[in-house]
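Accompanying notes for the structure given below.
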Amino acid sequence: MGKRKASDDSVEPETEAGTPESSSSDRVEQETTAGTAEGSSQCEPEAELEAVGDSDWLSLQFSKHTFFVHPATGRVCDAPDGNNIGEFDAEAGEVRLFAVDVEAEGAEALQHSEEGAAVLKSQPSLTEAYAEHGLLHLDAGEQGSAGSLLPEGLLRTVRQELEVLLAAGALSPLHSQAASTRSDRIAYLRTAEVSDQVSELMDALPCPPGCLQAVRALEGLAAALDQRLDLGLLRPRRCMVACYGPGGFYVPHRDNSFDPKSGTWLNNRSLTAILYLNEGASDASGASGAWPEERGGCLRCFLDASPEDKRGASAQKVVDIFPKGGQLVLFDSRRLLHEVRPTTQQRLALSVWFVSAEEESGQESAEEESATST
Ligand SMILES: O=C(O)CCC(=O)C(=O)O
Ligand SMILES: [Fe+2]
């Protein structure tokens, strides 16, 4: 009851047709090239299988990774007789790797920061808003808000780093959702050391220094929130940068949700933090008007929508947050239904998902279960 499922699929999106898109597969193949960090395709059949000595194990070379397959039992391990990391479907001739919740795996304690604590201290209403509605929004450049959390010039640096990644073709549309669900291009950036083999599969890119500094600032704010509300947050090993081109959108979804069928959460995400990086961010403290509303592209938040509502019709209030550079949004990954409205211009953001690894209590799980049954 309430056991979390290890899954790299992160959201509970709904397709345009209103059918929840499957994100609940226990087994996914995680592609290993930069372009497909969150892919869920199968191992290419032409990957080379080779006998390992005179044992019953075959080694499988796939991209830069080596797996060990035991055809008689269907086991796929990180070494002959090692840890199970997948299964071999002899009939289909496919190797399927077990999904890993890469944000939760190896997550560490959050680091506190004076800046994060000062921001929440100076604006207690932010903590109250999060506790009440699961949404905290720090406007860009205002006294005691995002401006005091992010050192001057940092937004410009982060945006430049992202533009370099974009120009290098490092962002890819090959996340695990369909094009009818979301149309951004993304890359994952490693924000902590990754040592074990399964994590290696997530293939996040090295995090440029400005992005890392911004992530640390978000961590400091998350830590301050955690201290006040006891959210049990951990710091994940990666962040995501995303670029929505003109026409880009992401349909209403939650970043985590309870799957009544399996009795598990889809992932370990607990708190979503997004920093917008759009042009104008570093203009004289990110003055208003840097993202005119006619551009579209807002983050639409459906406050207090009922857990089974996947469209937002039951929302008590709808809040649109325009992605002016330097805006910071933190929300409850399990609770807040949100969408990215179609944008007319390129829209850049950096996101971090803070995980919490604790098991749910039976009570909470039961409530979620009944609430999300469809
Ligand atoms: O960029 C945004 O405003 C939100 C994106 C989002 O919802 C997501 O990546 O899950
Ligand atoms: Fe989201």
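In this chain, numbering begins with 1 at the start of the sequence shown. Every number for a ligand or one of its atoms is a count from 1 in the order of the listing.
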> If you measure from the Lys or Arg side-chain nitrogens to the Asp or Glu carboxylate oxygens, is any gap between Lys324 and Asp139 under 4.0 Å?
Replying inline: yes
>> Within rounding of 10°, what is the angle whose vertex is the Fe ion (ligand 2) and whose arms end at NE2 of His253 and NE2 of His338?
In response: 90°
>> So for ligand 1, is Asp184 a polar contact partner (N or O within less than 3.5 Å, distance only)?
In response: no
>> Would you say that Glu103 contacts Asn267 through its side chain, given a criterion of any heavy-atom pair below 4.5 Å between the two side chains?
In response: no
> Side chain, backbone, both or neither: which part of Ile274 has a heavy atom under 4.0 Å from ligand 1?
Replying inline: side chain
>> Looking at every heavy atom in both Ala79 and Phe68, which two are closest together, and how far apart are they?
In response: CA-CD1, 3.5 Å
> Which of these passes side chain to side chain contact (heavy atoms under 4.5 Å, CB included) with Leu350: Ile274, Val215, Leu162?
Replying inline: Val215
> Taking only heavy atoms of Tyr244, which atoms of ligand 1 are found under 4.0 Å from at least one of them?
Replying inline: 5 (C)
>> Could you report the tightest heavy-atom contact between Phe354 and Arg235, atom names first, then the distance?
In response: CD2-CA, 4.4 Å
> Going by the order shown, which atoms of ligand 1 are within less than 4.0 Å of some heavy atom of Arg347?
Replying inline: 1 (O), 2 (C), 3 (O)
> Quick one: which ligand 1 atoms are inside 4.0 Å of a heavy atom on Leu299?
Replying inline: 3 (O), 4 (C)
>> Please list, in number order, the atoms of ligand 1 under 4.0 Å from a heavy atom of Met240.
In response: 9 (O)
>> Heavy atoms only, cut-off 4.0 Å: how does His338 contact ligand 1, side chain, backbone, both, or neither?
In response: side chain
> With Asp81, which residues qualify under salt bridge (charged side-chain N to carboxylate O under 4.0 Å, His left out), at least two apart?
Replying inline: Arg75
>> Please verify the inter-ring angle class for Trp265 with Phe258; under 30° counts as parallel, over 60° as perpendicular, anything in between as tilted.
In response: perpendicular
> Heavy atom of His253 under 4.0 Å from ligand 1?
Replying inline: yes
